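Keep in mind that what you see is a predicted model, and the values were worked out from it rather than measured. Computed over heavy atoms, backbone and side chain alike; hydrogens, waters and symmetry mates excluded. Every chain is numbered from 1 and lettered A, B, ... according to where its sequence line falls, protein lines coming before strand lines.
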Protein chains: 2
Amino acid sequence: MQQEDFLPAITAHLIEAARANDGKAPSERDLAEKFQVSRGLVREALAILEAMQVIERRAKSGIYVNDGIGGIEAMAFFARIGLPLENRQIFEAVEVRKIHEIKAAELAASRANDENYARLRDVLARSEDRLRQGEGLDKLDQEFHLEIVRATQNTVFLNICTSFYALSHNRLQVYFRSPERNRRSHEEHQQIFDALLRRDASLASALMVSHLRGAMSYWSEILEPPPAGA
Amino acid sequence: MQQEDFLPAITAHLIEAARANDGKAPSERDLAEKFQVSRGLVREALAILEAMQVIERRAKSGIYVNDGIGGIEAMAFFARIGLPLENRQIFEAVEVRKIHEIKAAELAASRANDENYARLRDVLARSEDRLRQGEGLDKLDQEFHLEIVRATQNTVFLNICTSFYALSHNRLQVYFRSPERNRRSHEEHQQIFDALLRRDASLASALMVSHLRGAMSYWSEILEPPPAGA
DNA sequence: CCTCACAATCTGGTCAAACCAGAATTACCG
DNA sequence: CGGTAATTCTGGTTTGACCAGATTGTGAGG
């Protein structure tokens with residue numbers, strides 16, 4: 001059994017089987033037979049799932065799937081194994097980005113140092129190049145936003161945002177297929193950078209607000225109507 | 001070997017051993033002997049570590065420790081295995097809490113539903129009980145704050161905050177050893193709840209600001225001076 | 001002495017068979 | 001029908017083995 005697909009497969013199976021059995025999943029031995037692998041392999045997968053708090057293993061009792069599969073680890077995990085976020089979660093994710101980045105822009109304006117400016121310039125320069133070559137911003141957009149978070153000098157904050165953005169990456173790629181959107185996005189990045197250079201916190205956050213508003217309205221066009229107050 | 005301490009122990013050993021050997025960790029068999037456990041146990045731990053991107057296992061070659069151990073998974077992991085955050089990161093974590101919760105209070109004021117109110121009331125009632133019995137708020141504080149996030153109806157946001165708060169839990173317990181702080185914290189929770197009931201977003205967020213300011217000043221007393229602009 | 005090819009060794013990946021002790025279930029007796 | 005004793009089941013852990021590529025060691029030839 002190629003380990004590649006094993007974890008996703010067994011996860012899906014566990015969740016499905018548990019749903020139909022009061023949260024209790026099949027035994028390790030059953031799983032091993034079901035997937036035609038040794039019990040050791042199953043246990044390795046289960047160890048990961050347990051560490052991610054997706055399941056709970058109770059000695060001499062059984063395996064139980066946590067109902068509220070929560071935690072960023074689980075999210076990162078789902079992203080890694082390819083389970084797409086629900087449409088609703090995309091809006092929620094954008095809202096979280098707004099919460100994070102508007103504040104990040106504000107803080108960065110007062111805390112950014114020379115290295116931060118250099119990094120931002122570098123990202124913008126590479127963005128310029130890509131656009132000149134008719135290519136999409138792609139990951140460079142993410143890089144730009146993360147550099148702003150980095151400029152807050154808050155490493156915990158940066159860690160959170162880094163992990164979080166990795167999740168939405170798949171979806172964002174769609175956004176950057178349009179040349180106009182790419183150019184407009186780049187221009188807004190430039191403006192935000194200028195605001196940071198001037199250490200104008202309120203302007204930076206205001207620009208970020210409208211920048212992200214664009215993303216939100218884009219998703220509104222593509223997807224189903226957004227949730228109530230987002 | 002009690003599994004309780006195994007993961008932390010083996011992790012520390014891996015990181016240390018790898019640092020002195022060009023990133024390469026001891027073999028599974030060596031680790032098994034070193035910790036007096038079976039190779040299967042070692043492999044389970046390694047599977048978790050690999051899923052968390054702390055290490056990389058190359059077939060027929062060896063185990064390599066990733067140098068830039070980053071990402072929220074790693075953070076959550078370190079918290080779980082008991083490695084304390086640096087003092088500086090505590091300030092950063094509090095700042096992140098501020099970013100999250102001030103906005104959460106604002107959003108919750110307009111989005112909270114009856115179930116949210118009921119949950120918040122429940123937490124407050126239990127807090128009341130504990131205080132009456134002379135015990136500290138302990139986890140109830142965390143519960144209260146998470147319920148506010150839940151009231152934003154943003155599940156992605158809730159996921160992030162849930163994982164994140166698990167990190168600071170160890171440290172927060174210190175805070176709630178003081179009876180005065182407990183009572184004052186509880187009163188502020190009550191006030192925030194009232195603001196949410198009145199759907200007064202600006203009041204709710206303002207109260208949250210001062211509530212968290214208390215925590216920040218507490219840490220300032222206990223720990224080294226805070227970083228520049230936090 | 002150096003180089004290159006071959007052989008022994010080491011490594012992670014995987015499997016199989018057992019034993020343990022407590023949980024869960026079944027069977028049986030009153 | 002109720003309750004207890006016997007049995008099955010479950011996760012936890014260990015041992016030992018085999019595979020195939022990566023690594024290392026060795027020795028012959030230049």
Name the residue closer to the 5' end of DNA chain C, choosing between A/Ser38 and A/Tyr64 according to the nucleotide with the nearest heavy atom.
A/Ser38
Whole-Å gap separating [atom2] ([N]) and [atom1] ([X]):
| X | N | atom1 | atom2 | value |
| --- | --- | --- | --- | --- |
| A/Ile10 | C/dT14 | CD1 | P | 13 Å |
| B/Ile48 | D/dG12 | CD1 | P | 11 Å |
| B/Glu33 | C/dT11 | CD | P | 12 Å |
| A/Glu44 | D/dG12 | CD | P | 14 Å |
| B/Leu41 | D/dT15 | CG | P | 10 Å |
| A/Gln36 | C/dT14 | CD | P | 15 Å |
| B/Lys60 | D/dC18 | NZ | C1' | 12 Å |
| B/Ile55 | C/dG13 | CD1 | P | 9 Å |

Does OP1 or OP2 of [N] have a side-chain N or O of [X] closer than 4.0 Å?
| X | N | result |
| --- | --- | --- |
| B/Ser61 | D/dA22 | no |
| B/Arg43 | C/dG13 | yes |
| B/Ser27 | C/dT11 | yes |

Say whether, by atom type as modelled, one donor and one acceptor occur between the side chain of [X] and the main chain of [Y] under 3.5 angstrom.
| X | Y | result |
| --- | --- | --- |
| B/Gln133 | B/Arg130 | no |
| B/Thr152 | B/Val149 | yes |
| B/Gln153 | B/Arg111 | yes |

Please classify the nucleic acid contact of B/Arg58 as base, sugar-phosphate, or nothing, using heavy-atom distances under 4.0 Å.
sugar-phosphate
So B/Ile63, base contact, sugar-phosphate only, or nothing? Heavy-atom distance under 4.0 Å.
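If one applies the 4.0 Å heavy-atom cut-off, B/Ile63 turns out to touch the sugar-phosphate alone, with no base involved.
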Base of D/dG12 paired with side chain of A/Arg57 (donor-acceptor, under 3.5 Å):
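A donor-acceptor contact between them is absent.
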Would you please classify the geometry between the B/Phe144 ring and the B/His189 ring as parallel, tilted or perpendicular, with 30° and 60° separating the classes?
parallel
Residue met sooner reading DNA chain D from 5', once B/Lys24 and B/Gly40 are mapped to nucleotides:
B/Gly40
Are there over 12 heavy-atom neighbours, none belonging to A/Arg126, within less than 6.0 Å of that residue's CZ?
yes
Return the nearest nucleotide to the side chain of B/Arg39; candidates are D/dG11, D/dT14, C/dG12.
C/dG12
